[in-house]
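This report refers to the structure that appears directly beneath it.
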Protein chains: 2
Amino acid sequence: MKNDRPRIRDVARLAGVSTATVSRVLSNPGVVSQQTRASVQNAIAATGYRLNEAARNLRHRRTGGIVALVPNLANPFFAQILSGIASVLGPAGYNLLIADTGPDGAGRLLDYAEPSRADGLIVLDGALPAHALTGRIPLVEACEWVPGLSAPRVKIDNRAAAGLAVDHLADLGHRRIGHVAGPPGNVLSIARLGGWRDRLSARGLTPDEAAIWQGDFSLDSGQAAAAEWLAQPPGQRPTAVFLASDAMACGFIAEVQRHGFTVPRDLSVVGFDDIELVSHVSPPLTTIRQPRWMIGRVAAERLLRRLETGDTLDDDTILPVELVVRGSTAPPAPGV
Amino acid sequence: MKNDRPRIRDVARLAGVSTATVSRVLSNPGVVSQQTRASVQNAIAATGYRLNEAARNLRHRRTGGIVALVPNLANPFFAQILSGIASVLGPAGYNLLIADTGPDGAGRLLDYAEPSRADGLIVLDGALPAHALTGRIPLVEACEWVPGLSAPRVKIDNRAAAGLAVDHLADLGHRRIGHVAGPPGNVLSIARLGGWRDRLSARGLTPDEAAIWQGDFSLDSGQAAAAEWLAQPPGQRPTAVFLASDAMACGFIAEVQRHGFTVPRDLSVVGFDDIELVSHVSPPLTTIRQPRWMIGRVAAERLLRRLETGDTLDDDTILPVELVVRGSTAPPAPGV
DNA sequence: ATCCTGAATGCAACCGATTACATCACGCTT
DNA sequence: AAGCGTGATGTAATCGGTTGCATTCAGGAT
């Protein structure tokens with residue numbers, strides 16, 4: 001039952017050749033004569049032989065696997081990135097291994113950065129310790145990045161993207177524009193907050209520190225931020241809010257709607273990411289679209305290139321974002 | 001540079017023992033004497049030796065990997081299931097490999113069901129051909145299932161779950177209750193549609209075939225269904241709709257809202273899945289909660305048990321669902 | 001003193017392929 | 001006829017551990 005899988009030996013015996021020849025037919029058919037090749041192929045078909053990848057990989061000192069380190073697999077944001085990664089890796093003959101860095105933390109992480117586990121690493125989590133990743137297997141970073149880690153990065157210009165959101169709101173006539181930030185310390189939070197500050201200043205609208213609320217990218221934190229917005233005196237409330245994630249934007253909108261406010265009449269809202277649902281909620285969310293699928297693809301391609309050419313460049317690839325204007329933004333109500 | 005990784009030989013030499021002893025220290029420390037063990041461990045630390053999993057796996061005739069076959073990785077529905085799977089597999093010493101069955105179809109699929117690729121398979125796609133999966137590596141099915149494939153299944157009672165939704169609406173006083181189904185042929189669609197029919201009949205409300213709309217679980221198809229609902233004469237429109245997915249429910253609600261209808265005043269809506277966002281949209285969606293994370297966990301545990309004990313039982317594990325009543329359902333407007 | 005037992009360790013085959021190098025047959029040159 | 005290049009194939013080492021079996025040695029029983 002277990003031993004019934006034919007091995008290369010069995011094929012060789014049946015075809016009357018050596019295992020070396022069978023191996024050649026498999027991986028370098030050109031060097032084998034027509035006749036021999038045909039009889040080997042017959043033997044393969046007759047035995048139902050299938051190559052044992054593990055053995056080949058051992059000999060080749062590779063694993064055929066690429067690990068993606070995801071901060072939180074349950075977060076749908078990563079689903080599309082992983083999909084993009086998978087779309088490149090599969091056809092290239094690599095397996096995609098997925099590791100959730102969340103619960104077990106950096107402990108197991110070292111195991112995944114082992115050459116015997118995977119040939120390369122795609123890091124989607126900027127909160128990992130740089131020292132755990134340096135000097136190990138080839139890696140690229142996507143979306144987020146670990147400060148101080150030297151690696152190619154595939155990402156968007158978060159600062160400029162935030163600027164797009166601010167510009168849009170300011171162009172509509174808003175002068176008090178708030179911001180709900182991502183988790184403190186997160187590289188994305190910092191960049192987006194920076195973009196918000198920069199762009200406001202550049203347009204002569206002083207960034208009001210009291211109009212910054214701390215979030216963590218989650219729905220609940222958006223809702224909590226809305227509660228703080230509601231608690232402010234009407235005359236001082238921002239007439240528009242830019243949030244560092246769509247999830248927070250949804251939470252925010254639902255909460256203010258629950259309190260009788262209408263978006264965008266009473267408040268304009270811009271999100272970030274353009275996750276699938278937000279074009280179908282009410283009102284459809286104005287947001288910054290991140291090319292998530294493409295980020296995954298490009299990151300995977302970059303890693304494969306590094307594996308093949310062994311290049312050691314730490315280049316950044318910046319992918320374009322897009323402001324998607326939908327129904328959650330409008331000019332401020334007159335007289336507010 | 002490449003060959004500088006110490007091998008078990010190097011450790012053995014340094015510790016003055018044979019490779020067999022080092023191997024024993026690694027995998028069966030009990031049989032090695034205190035002294036020897038200590039000196040081997042010192043040697044391991046001194047050399048920075050790390051075990052090569054590929055070699056061990058080759059010898060053990062296992063791969064240490066479990067493949068999850070996902071119909072569409074980009075669909076966030078699966079993210080939480082995968083997270084549950086990962087939470088079991090990681091601590092158990094298995095790698096989680098992910099394969100998207102979408103684009104490349106069943107072609108590559110055979111490769112993943114190879115013993116040299118993975119030790120087991122978790123199938124999340126009910127649309128795969130049974131013949132491609134029978135007689136191959138151990139597998140379990142989760143959520144969906146392939147008719148005719150013999151394997152343990154971890155799922156919910158979709159029929160009864162749909163009944164819960166119908167009961168809730170009927171209890172509120174609705175008598176015309178519509179249904180937006182999933183993709184035709186899908187096992188989940190069929191079961192949920194069946195549950196809708198059964199329960200309506202059981203309560204003496206004749207299921208109206210004209211109140212069934214074809215969807216495909218996607219937001220857009222929910223929106224399309226809403227358009228058909230809107231096209232019906234007001235007096236004949238169902239006053240409540242049960243949709244086979246939350247995504248469709250969101251699309252449906254947004255579309256009717258766009259046409260000036262208010263949920264739940266003019267129409268009650270029940271979704272299916274309880275994906276994260278729907279508790280934060282407006283109105284918060286009444287839906288059937290599927291324990292997605294737990295489905296992933298249980299499926300992974302079931303597979304591991306099968307791998308360890310070699311059992312060959314094709315048992316079904318039915319996980320409980322829950323009706324979550326939120327703001328999208330209410331009694332029908334009087335006089336309608 | 002001899003035999004036996006069991007614990008600790010070493011030897012070497014093995015997992016299943018790949019591949020550098022050797023070998024061999026054949027045809028062509030000189 | 002000897003020499004030689006070329007293409008096809010075989011031999012055997014190798015990737016890096018694991019493990020059945022043999023060996024050694026110490027201590028206890030007879």
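These numbers come from the heavy atoms of this one structure, side chains and all, not from hydrogens, waters or symmetry mates. We name chains A, B, ... by the order of the sequence lines, and we start the count at 1 in each one. What you see is a predicted model, and the numbers here were worked out from it, not measured in a lab.
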Measuring from the side chain of Ala20(B) (C-beta onward, heavy atoms only), which nucleotide among dT18(C), dT19(D), dG17(D) has the closest atom? dT19(D)

Return the value, rounded to whole Å, for the distance between atom [atom1] of [X] and atom [atom2] of [N].
{"X": "Asn28(B)", "N": "dA8(C)", "atom1": "CG", "atom2": "P", "result": "11 Å"}
{"X": "Asn57(B)", "N": "dC15(C)", "atom1": "CG", "atom2": "P", "result": "16 Å"}
{"X": "Arg7(B)", "N": "dC15(D)", "atom1": "CZ", "atom2": "C1'", "result": "9 Å"}
{"X": "Leu51(A)", "N": "dT19(C)", "atom1": "CG", "atom2": "P", "result": "12 Å"}
{"X": "Gln34(B)", "N": "dA8(C)", "atom1": "CD", "atom2": "P", "result": "10 Å"}
{"X": "Arg37(A)", "N": "dG7(D)", "atom1": "CZ", "atom2": "P", "result": "15 Å"}
{"X": "Arg117(B)", "N": "dG16(C)", "atom1": "CZ", "atom2": "P", "result": "18 Å"}
{"X": "Ile8(A)", "N": "dC15(C)", "atom1": "CD1", "atom2": "C1'", "result": "14 Å"}

Strictly below 4.0 Å, N to O, side chains only: are Arg292(A) and Glu276(A) in salt-bridge contact? no

Sort out for me which residue in Val70(A), Asp100(A), Asp125(A), Leu73(A) forms a side chain to side chain contact (heavy atoms under 4.5 Å, CB included) with Phe78(A). Val70(A)

Quiz question: going by heavy-atom distance under 3.5 Å, is there a donor-acceptor pair between the base of dG17(D) and the side chain of Arg24(B)? no

If you take atom types as modelled and just measure distance, does the side chain of Arg59(B) reach the base of dC14(C) with a donor-acceptor pair under 3.5 Å? yes

NZ or CZ of Arg62(B) within 45° of Tyr94(B) ring axis and under 6.0 Å: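 Positive - Arg62(B) is close enough to the ring of Tyr94(B) and near enough to its axis.
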
Say whether Ser150(B) and Asp314(B), considering side chains only, have a donor N or O and an acceptor N or O under 3.5 Å apart.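 Looking only at side-chain atoms, Asp314(B) and Ser150(B) do form a donor-acceptor pair, the distance falling under 3.5 Å.
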
Of Thr21(B) and Leu58(B), whose nearest nucleotide on DNA chain D comes first from the 5' end? Leu58(B)

Assign each of Asn52(B) and Thr19(A) to its nearest nucleotide of DNA chain D by heavy atoms, then name whichever residue's nucleotide is nearer the 5' end.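 Residue closer to the 5' terminus by nearest nucleotide: Thr19(A).
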
With heavy atoms under 4.0 Å as the rule, sort [X] into base, sugar-phosphate or nothing.
{"X": "Val32(A)", "result": "sugar-phosphate"}
{"X": "Leu26(A)", "result": "nothing"}
{"X": "Ser18(A)", "result": "base"}
{"X": "Ser23(A)", "result": "base"}

Please check the phosphate of [N] (OP1 and OP2 only) for any side-chain N or O of [X] closer than 4.0 Å.
{"X": "Tyr49(B)", "N": "dG17(D)", "result": "yes"}
{"X": "His60(A)", "N": "dT14(D)", "result": "no"}
{"X": "Ser33(B)", "N": "dT9(C)", "result": "yes"}
{"X": "Arg9(A)", "N": "dC15(C)", "result": "yes"}

Identify, between Gly16(B) and Glu53(A), the residue whose nearest nucleotide on DNA chain C lies closer to the 5' end.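 The residue closer to the strand's 5' end, by nearest nucleotide, is Gly16(B).
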
Apply salt bridge (Lys or Arg N to Asp or Glu O under 4.0 Å) to Arg153(A) and Glu144(A), showing your working. CA-CA 8 Å; Arg153(A) 291 174 182 162; Glu144(A) 304 194 7; over 6 Å; no

Could you give me the CA-CA distance, side-chain angles and deciding distance for Glu141(A) and Lys155(A), then say whether salt bridge (Lys or Arg N to Asp or Glu O under 4.0 Å) is met? CA-CA 8 Å; Glu141(A) 296 175 284; Lys155(A) 52 179 189 167; over 6 Å; no

